[in-house]
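Each chain gets a letter, A, B and so on, in the order the sequences are listed, and its residues count up from 1.
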Number of protein chains: 2
Amino acid sequence: MSYTLSANEENIVRLVRTRGLISRADLSRETGLSKPIVSNIVSKLINEGAIIEKEIGMSSEKGGKKPILLSFASTYKYIVGVDVGGNKLIAILTDLDGNIINKVRKVTKGIKSKNALTEIIFQGIEEVITVDKAMILGVGIGVPGTTDIKTGFVYYMPAFELSDIPLGEIVSSHFGIPVMISNDVTVNALGELSKGSARNIKDLCLIAIGTGTGAGLILNGSIYSGSHNMAGEIGYMITDWNKENKSRNRTFGNYESWFSGNGLEIKVKEKLGLNLTTKEIFDNLDKSRDIKEIFLQGCEHLALGIANIITLLDPQMIILTGGVGYNQYDMILRYLMPFLEVIVPPEILKNISFSRGELGDLGVSVGGVSLIHDNYFLKM
Amino acid sequence: MSYTLSANEENIVRLVRTRGLISRADLSRETGLSKPIVSNIVSKLINEGAIIEKEIGMSSEKGGKKPILLSFASTYKYIVGVDVGGNKLIAILTDLDGNIINKVRKVTKGIKSKNALTEIIFQGIEEVITVDKAMILGVGIGVPGTTDIKTGFVYYMPAFELSDIPLGEIVSSHFGIPVMISNDVTVNALGELSKGSARNIKDLCLIAIGTGTGAGLILNGSIYSGSHNMAGEIGYMITDWNKENKSRNRTFGNYESWFSGNGLEIKVKEKLGLNLTTKEIFDNLDKSRDIKEIFLQGCEHLALGIANIITLLDPQMIILTGGVGYNQYDMILRYLMPFLEVIVPPEILKNISFSRGELGDLGVSVGGVSLIHDNYFLKM
DNA sequence: TTGTTTGTTAGTAACTTTAACTAACTAACG
DNA sequence: CGTTAGTTAGTTAAAGTTACTAACAAACAA
């Protein structure tokens with residue numbers, strides 16, 4: 001079969017899937033399509049394996065023939081999602097409902113060549129696929145850098161010091177399978193949208209705080225990447241413009257110096273002369289006033305950045321995730337909110353949900369799966 | 001006829017319109033549709049009056065029958081666009097190509113009641129329509145406030161001290177014509193997108209600087225309003241967070257105090273004790289160092305806000321317009337850019353076009369026309 | 001005249017609808 | 001318990017819509 005469903009087929013698959021168990025008669029009523037054409041499409045979908053006749057239902061109290069209840073066959077195709085991180089690669093294999101069938105981890109730390117990187121990606125994908133390759137709908141990849149989602153071209157990945165790689169084509173032609181690539185944080189946002197804490201959200205800003213800080217945007221229900229694939233690179237935002245530093249050139253790029261793993265570590269080292277890891281910093285928050293002050297300053301700037309995001313974009317939800325944002329979510333939120341409550345008027349703040357990234361370190365790989373799912377199967 | 005064209009009809013109308021003069025054979029080639037179905041659709045569209053057989057073209061050098069060249073009949077429907085401002089109302093009547101057929105101005109200053117406002121809107125629309133009402137496709141309105149574009153509901157218009165008016169329904173039921181309503185700045189952005197300086201732009205941020213300051217966003221080619229219809233209310237953005245003022249509560253809302261007509265007037269009064277109009281401030285920029293300093297400070301904050309917008313949204317174009325932004329565009333840009341060049345790295349700044357709102361004070365009304373055009377006729 | 005191009009006509013295929021049908025079931029009643 | 005009426009599920013048949021291909025006439029250059 002071709003994976004391009006017609007509008008009516010899509011509609012019926014979507015309904016069968018969301019309703020769980022539904023009869024042809026109900027499908028006809030819900031779609032407004034005639035009974036014959038529903039039967040027609042259903043038998044086609046059954047032939048393809050997309051849906052199955054699961055069981056016989058009950059007649060209504062008024063009598064009548066018992067309905068044949070249809071059910072979505074989530075395992076008739078599989079999707080691979082890949083999170084290419086600066087330290088590790090995670091590849092997952094899921095069915096069409098996003099259930100994780102297999103998971104593979106690889107070390108990527110220290111990789112600096114295009115060949116080594118593509119090789120490890122090939123390996124991860126190869127190893128994670130435990131089903132017939134013909135059953136794979138596609139591979140969705142999130143990479144730490146600027147990418148063109150339409151072509152799968154990767155412009156720049158600072159973590160690997162690599163530029164201008166047509167990664168989409170490379171992976172796609174190697175496996176003979178559709179491949180989609182986008183920025184990891186953006187993909188993470190998509191993951192939370194479809195399988196995480198942002199289900200049914202239209203306008204989402206996901207802030208990933210790890211070594212650095214970046215945002216992924218879902219606007220009007222779709223990925224927003226900007227005109228040069230740089231949207232959400234808020235590591236460069238400015239929240240500290242004042243008399244002391246306005247004279248120095250090129251201030252662009254100091255937001256993440258205030259609040260990110262790296263930023264906090266450097267500030268602790270500069271101001272206190274301590275060589276602490278991010279985890280140690282958080283562990284010592286309540287023990288050291290000095291560390292807490294640095295952390296509070298960071299929260300203040302984080303709050304300013306978020307306030308500006310709220311002002312400009314009026315999102316429905318803001319998710320904090322990433323290595324630091326996910327693990328230290330409660331701590332960050334506890335000290336972040338008081339600042340936000342001062343900066344943002346309550347009638348605006350109350351409309352915005354704050355949430356922890358539910359998917360944790362699987363956010364990007366799950367988002368990769370969503371990328372393929374939404375573009376090659378069904379946009380839910 | 002119904003105004004809902006099928007996908008193929010839309011395609012053909014779009015082609016006829018953009019190509020100017022085109023034959024059925026060419027349409028068939030360009031759309032990939034067969035010649036018969038093109039002839040079929042064309043004759044239907046001719047019947048409706050949407051296109052006409054304009055003239056006979058030339059055969060190619062190799063001979064062959066001369067083509068009948070088709071042309072778009074832009075006057076087969078008309079659209080009304082309305083700019084409801086705090087001081088004045090502008091209503092325009094255009095054909096489908098956006099050519100302005102008629103224009104009406106009304107004074108709205110001092111209006112504080114719902115009835116007075118709807119009455120003046122009714123009058124403006126009534127007076128501007130000089131064609132058969134049956135030829136009107138719809139009325140698109142931009143109002144200074146928060147609105148729901150889907151329902152035409154107006155939540156709050158500070159300029160008139162009015163809240164919670166179902167203006168869309170009110171106007172629509174009065175004239176029996178489709179009505180769409182959105183925020184004036186957003187509508188202005190749409191106007192510049194379709195008929196102004198942002199043609200073919202996908203991601204646009206229009207900054208309207210007048211009495212206050214607001215932004216209108218077009219993202220992924222569509223209006224972006226946010227989840228609570230507050231997107232782009234950058235008057236509340238923060239660019240001046242520092243030790244001096246961080247202690248005061250509720251800082252949210254000081255961006256436009258730095259750069260807007262009102263903001264500049266107030267600063268000049270506070271700091272210099274002068275009661276100058278915005279125009280007088282600009283006229284005296286090169287004569288008074290004190291005024292210039294205030295202006296420069298304003299530009300600095302404007303630049304910071306724009307830098308943050310660039311960081312977050314990576315737009316393709318930034319338009320300055322509005323009473324002040326349009327009239328003082330050159331002056332503002334001259335002093336704004338040096339700040340931006342310091343704040344934003346050149347490799348990023350060079351990708352972003354800055355432009356004056358080409359439509360001037362017709363931006364909102366033209367945008368209102370686009371609103372109807374795009375939603376009830378053709379999204380170009 | 002020959003080759004080329006435009007636009008139409010005729011016939012066909014794909015998809016969808018309406019109307020009518022069969023199959024299967026509940027409820028009620030004698 | 002068997003029969004009948006009424007209801008519901010899903011299929012079949014006929015007809016309409018929308019597109020396509022094939023074939024052709026008209027118009028024109030060389």
task: Could you check A:Glu55 against A:Lys66 for side chain to side chain contact (heavy atoms under 4.5 Å, CB included), going step by step and ending with a plain yes or no?
output: CA-CA 10 Å; A:Glu55 58 185 64; A:Lys66 285 180 180 169; over 6 Å; no

task: Step by step, work out the side chain to side chain contact (heavy atoms under 4.5 Å, CB included) result for A:Ile79 and A:Phe377.
output: CA-CA 10 Å; A:Ile79 299 175; A:Phe377 186 56; 5.8 Å; no

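Taking the nucleotide of DNA chain C with the nearest heavy atom to each of B:Glu53 and A:Ser59, the more 5' of the two is matched to B:Glu53.
Look at CD1 on B:Ile46: it is 12 Å from C1' on C:dG7, rounded to the nearest Å. Rounded to whole Å, the distance from CD1 on A:Ile68 to C1' on D:dT11 is 11 Å. For A:Leu69 and D:dT8, the CG to P distance is 16 Å, given to the nearest whole Å. Atom CE in B:Met58 sits about 17 Å away from atom P in D:dA27, given to the nearest Å.
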In residues 167-176 of chain A, what donor-acceptor pairs under 3.5 Å come from side-chain atoms, sequence neighbours left out?
residue	atom	partner	partner atom	Å
A:Ser172	OG	A:Ile177	O	3.1
A:Ser173	OG	A:Glu169	O	3.0
A:Ser173	OG	A:Ile170	O	3.3

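Atom CG of B:Asn200 is surrounded by 12 or fewer heavy atoms from other residues, nucleotides or ligands within 6.0 Å.
Counting only residues at least two apart or on different chains, the salt bridge (charged side-chain N to carboxylate O under 4.0 Å, His left out) pairs with a member in residues 33-47 of chain A are A:Glu9-A:Lys44. Every pair passing salt bridge (charged side-chain N to carboxylate O under 4.0 Å, His left out) that includes a residue from residues 19-30 of chain B is listed here, sequence neighbours excluded: B:Arg19-B:Glu30, B:Arg24-B:Glu53, B:Asp26-B:Arg29.
When heavy atoms are screened at a 4.0 angstrom cut-off, A:Lys62 is found touching base atoms of the nucleic acid.
Annotation: proximity of residues 20-29 of chain B to DNA chain C (heavy atom, distance under 4.0 Å) is found for B:Ser23, B:Arg24, B:Ala25, B:Arg29, numbered in ascending order.
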query: In the 5'-to-3' direction, what one-character label does each nucleotide of nucleotides 9-22 of chain C receive under the scheme B = base within less than 4.0 Å of a protein heavy atom, S = sugar-phosphate only, - = no such atom?
result: B------BBBB---

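The salt bridge (charged side-chain N to carboxylate O under 4.0 Å, His left out) test applied to A:Glu10 returns A:Arg14, not counting sequence neighbours.
Under the side-chain contact (heavy atoms from CB on, under 4.5 Å) rule, A:Leu70 has a single partner from A:Leu27, A:Ile52, A:Ile12, A:Leu21, which is A:Leu27.
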